[in-house]
Amino acid sequence: MEVSPECPRRGGGPVLVRRRSPVPLGLRETLKARLWRSCTCSTRGAWAWVQDLLPATRWLRQYRPREALAGDVMSGLVIGIILVPQAIAYSLLAGLQPIYSLYTSFFANLIYFVMGTSRHVSVGIFSLLCLMVGQVVDRELLLAGFGPAQDGPGPAANGSAANASASAAGLGPPDCGQDCYAIRVATALTLVAGIYQVLMGILRLGFVSAYLSQSLLDGFAMGASVTILTSQLRHLLGVQIPRHQGLGMVVSTWLSLLRSIGQANLCDVLTSATCLVVLLAAKELADRCRHRLKVPLPTELLVIVTATLVSHYGQFHERFGSSVAGDIPTGFVAPRVPDPGLMWRVVLDAVPLALVASAFSISLAEMFARSHGYSVRANQELLAVGCCNVLPAFFHCYVTSAALSKTLVKTATGCRTQLSSVVSAAVVLLVLLALAPLFRDLQRCVLACVIVVSLRGALRKVRDVPQLWRLSPADALVWVATAATCVLLSVEAGLLAGLVLSLLSLAGRTQRPRAVLLAQIGDTGFYEDAAEFEGLVPEPGVRVFRFAGPLYYANKDFFLRSLYGLTGLDAGQAAARRKERGLGAGAGEGDAVGGVDLGPAGSSAALMPTEGGFHAVVIDCAPLLFLDAAGVATLRDLRRDYGALDITLLLACCSPLVRNTLRRGGFLGDDPGDAAEEAQLFHSVHGAVQVARARRREAAATDSTL
């Protein structure tokens, strides 16, 4: 490799900088060293492993009550107050009884407190996951002979008729009613999803969630929010329609709503309108006054308490047939092992659940860690969220993940550590043990209003699409396609479509990267795009080419087409024509020194004029991230063709990874710093251009002498 002209000088002469030769470590030695590190056990190592697995054992010893306790208690109380109405409301989405949502919120907060690495993330029930759980629960209920979940008008109609008919027909389990079978399906789904997440954490697959891009997640949230909104319209209007399954669920639900609009319950419609106005007005007021409010207003809780009192004393269920929450028991149900047969039935349904929960949890944890100046471990987050699903699955809970809205509230109310999760769990425990039966007469349309208002942030993301289109049309296409597929087909199909489009977009960007010719900026050593900037000075007889992407099997043809098109010379065809005419018999790699063509100065071919009007091509390899075998073969063939045309090929700004690949692929010599590397690789584009210019002058001098 040549001495860079920009390198520092010592004692008036250039300083030669060479790369150290790496000491190769054999596969056997590498495996032996890793196995030894893994199997070596000591007290200190075991304690470090426990601290990594249970981060609370590390940060609790450093906890400072004077600085953090007040904020943790306040944020925990606020989140607990918010959790109670949301848990009861989201049970509609999951097709389960409200008590199971409270169980889920309680156990998830405690487990993440022990295992989570984020100080601010709030883990619990999440509307998108509740929707996905509800769809699986409804499907399995129908297959077992039960009716759709929670379609009864009140406490006395929680599936008792369906239970009797299904048991009589022998379709459902004889010892289990509709509500019992629904939670069995949910716990089986939760356990399988949690196992997937734990395995991803053990296998260090936290990077997989990075392939779910932000545009994909935003589009998925938008499409799923429209699906959730559609599913809650029947509760807002008080109409009795089936919960549709499969592809086109949103369209089918809208058609059913239009056919049944005349059967709307006037009491539910008026209650829904009133609650929506109050909740939306309170949210807008809170957004405008958020800098003045130290603690967010518990609007949902106030609305639910007021609506429960009005419904109870007004006897809305008895007088107007309004659907209410029904009996909510207190205490805990005995733990139960999820049904292995149901686990096998939902093994595929758990895959999108696990991916979505992992992606949202890791992205939220990393986002809040960056904003507050600390770091999180993605693989440990997978373990934490996975255990929040695996362990509670035995206690009648369903899938959980981090939730953005509650995390924002948690941060705004002064949260410092995950001790606030313990306070939130205590609030939920109080409701579980004493206060849950008080919500018996709460109208389901009020719970639907809470769900719809919680979708406000996700639905507003549609306003970001124009800006996203101006920034990146490919990302905007992923956003729109994901959201549209979620709405028109299903949320699982939307997630799959978004993932496929994201990967195709990534492949497309590497398959057809930007390719330009560079020219010099005045008398400096810097070069820029000649087509984009004016006033640049092209080097006579030298073409500087930049390919802003990797060179691999999928884009090698595009690389050659771009190079040939910009330089105006198809080296492959020109070399073939010269070979046919017999003009290239003495040129090419046969006259190379050490396997390297030295260009016009290396043979008598310098006496002949070059084709294309240039004598050297410099490839700026700074944006070249990597090469594969096809990429190395492309450069090797390109050097051969240019050599046959008496044109020198030089490479500049190659990274160590690219240099090693070129050496292993036979493009360079076997030893670093040999003649092949010195003649072709350069630290800078300007250095390569200067060498090409010097070689041309030497060739001209030789020509004049001859």
Side-chain angles (χ1 to χ4, degrees), residues 85-101 125 127-128 130-135 137-138 141 147-159 162 178-179 182 224-245 249-250 252-280 300 303-304 306-308 310-312 314 316-317 319-328 439-456 459:
Q86 282 194 352
I88 298 174
Y90 287 173
S91 62
L92 292 179
L93 286 175
L96 303 170
Q97 291 299 310
I99 190 67
Y100 301 127
S101 298
I125 52 177
S127 58
L128 303 184
C130 291
L131 172 69
M132 300 172 73
V133 170
Q135 291 178 343
V137 167
D138 282 348
L141 285 177
Q150 291 191 357
D151 269 344
N158 282 331
Q178 177 171 332
D179 297 332
S225 298
V226 173
T227 306
I228 293 172
L229 175 63
T230 302
S231 69
Q232 296 307 300
L233 287 176
R234 65 193 185 103
H235 295 294
L236 294 176
L237 300 176
V239 296
Q240 299 296 322
I241 62 171
R243 289 180 66 166
H244 295 278
Q245 291 290 317
M249 184 267 288
V250 173
S252 302
T253 303
W254 275 100
L255 294 176
S256 298
L257 285 171
L258 292 177
R259 288 193 295 264
S260 306
I261 193 67
Q263 304 172 7
N265 188 302
L266 184 59
C267 178
D268 286 344
V269 172
L270 293 177
T271 303
S272 300
T274 304
C275 292
L276 285 175
V277 169
V278 173
L279 288 171
L280 290 173
E300 293 91 346
V303 168
I304 283 181
T306 304
T308 302
V310 173
S311 175
H312 175 72
F316 287 174
H317 171 58
R319 295 171 57 188
F320 307 108
S322 182
S323 179
V324 295
D327 294 319
I328 304 177
F439 298 100
R440 178 183 184 276
D441 291 322
L442 176 61
Q443 293 170 271
R444 287 182 180 169
C445 63
V446 178
L447 299 177
C449 291
V450 174
I451 294 174
V452 170
V453 173
S454 69
L455 303 175
R456 190 174 56 116
L459 294 174

Flag, side chain of S252 to backbone of M249, donor-acceptor distance under 3.5 Å: no

In the structure I gave you, are the side-chain heavy atoms of I304 and F439 within less than 4.5 Å of one another anywhere? yes

So, taking the atom named CD1 in I451 and the one named CZ in R444, what distance separates them when rounded to the nearest 0.5 Å? 11.5 Å

Checking T306 side chain against V303 main chain: does a donor-acceptor pair fall under 3.5 Å? no

Could you check whether any side-chain heavy atom of S127 comes within less than 4.5 Å of a side-chain heavy atom of L455, counting everything from C-beta outward? yes

Are the side chain of S311 and the backbone N or O of A307 linked by a donor-acceptor pair below 3.5 Å? no

Residue pair L233 / T253, side-chain heavy-atom distance below 4.5 Å: no

For a 4.5 angstrom cut-off between non-hydrogen side-chain atoms, does C267 reach Q443? yes

Where is the tightest heavy-atom contact between N265 and F320, given as atom of each residue plus distance? ND2-O, 2.9 Å

Quick one, T230 and W254 - any side-chain contact, counting heavy atoms below 4.5 Å? yes

Mind checking whether Q178 and L141 have side chains closer than 4.5 Å, heavy atoms only? yes

Among L236, V446, L270, which residue meets the side-chain contact (heavy atoms from CB on, under 4.5 Å) test with C275? V446

Using a 4.5 Å cut-off on heavy atoms from C-beta on, say whether the side chain of L280 contacts that of V453. yes

